[in-house]
Amino acid sequence: MAHVSMTVNGKEVSADVEDRTLLSQFLRENLGLTGTHVGCDTSQCGACVVHIDGQAVKSCTALAAQADGTSVTTIEGLADGDNLHPVQAAFREHHGLQCGFCTPGMIMAATEMIAKHGSSLTEETIRDNLEGNICRCTGYHNIVKAIQAAAAEMAPAAAAE
Ligand code: FES
Ligand code: FES
């Protein structure tokens, strides 16, 4: 067993888990944060992307124990009360989702991309960075459009960081 403590969406959490517990499992099963989806469990689909200390990580490839002492953000941690995060709002506005299964991972990947590249985020970079995120509904065109729109809105803030 491993004792893990971390901050998840701004809240301190801790639990005793089996050593083999994946971070995705810990978030979904221990904390009930089922917005982090599991589409493959083999590091291919990106539905499980969360941020660990600001870095986008496929949570099915990390052990809960590896996130010990870190700050984790999941899709549930993005909105500010009833106000959607700008990336969430852009996905809604630009129809960046169909069934929605890939959406949490896409949005978590997008927010990291925007934070990292700011105003220099190009369509090519978005498409390159989304290589690890699969949309089975093949809605890539609108997903890219949504990320571009969010980046345009957030870029001054991201660039100033
Ligand atoms: Fe993690 Fe697919 S569930 S990459
Ligand atoms: Fe259905 Fe992407 S919206 S998998």
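One-based numbering, in listed order, for ligands and for the atoms of each.
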Over all atoms of both residues, closest heavy-atom pair of G105 and V49: O-CB, 3.9 Å
Sub-2.8 Å protein N, O or S atoms surrounding atom 2 (Fe) of ligand 1: C40 SG, C45 SG
Test side chain to side chain contact (heavy atoms under 4.5 Å, CB included) applied to V4 and D16, V17, V13, the passing residue: V17
Atom of I126, atom of M113 and distance for their closest heavy-atom approach: CA-SD, 3.8 Å
T42 side chain to Q44 side chain, donor-acceptor N/O pair below 3.5 angstrom: yes
Polar contact flag, side-chain donor to acceptor under 3.5 angstrom, N9-T74: yes
Polar protein atoms near atom 1 (Fe) of ligand 2 [N, O or S; cut-off under 2.8 Å]: C99 SG, C137 SG
Closest non-hydrogen atom pair, Q25 against L22: OE1-N, 2.9 Å
Sub-4.5 Å side-chain heavy-atom contact between E12 and S5: no
Residues, nucleotides or ligands: over 12 heavy atoms within 6.0 Å of R127 CZ: yes
H37 and S24: side chain donor to acceptor below 3.5 Å: no
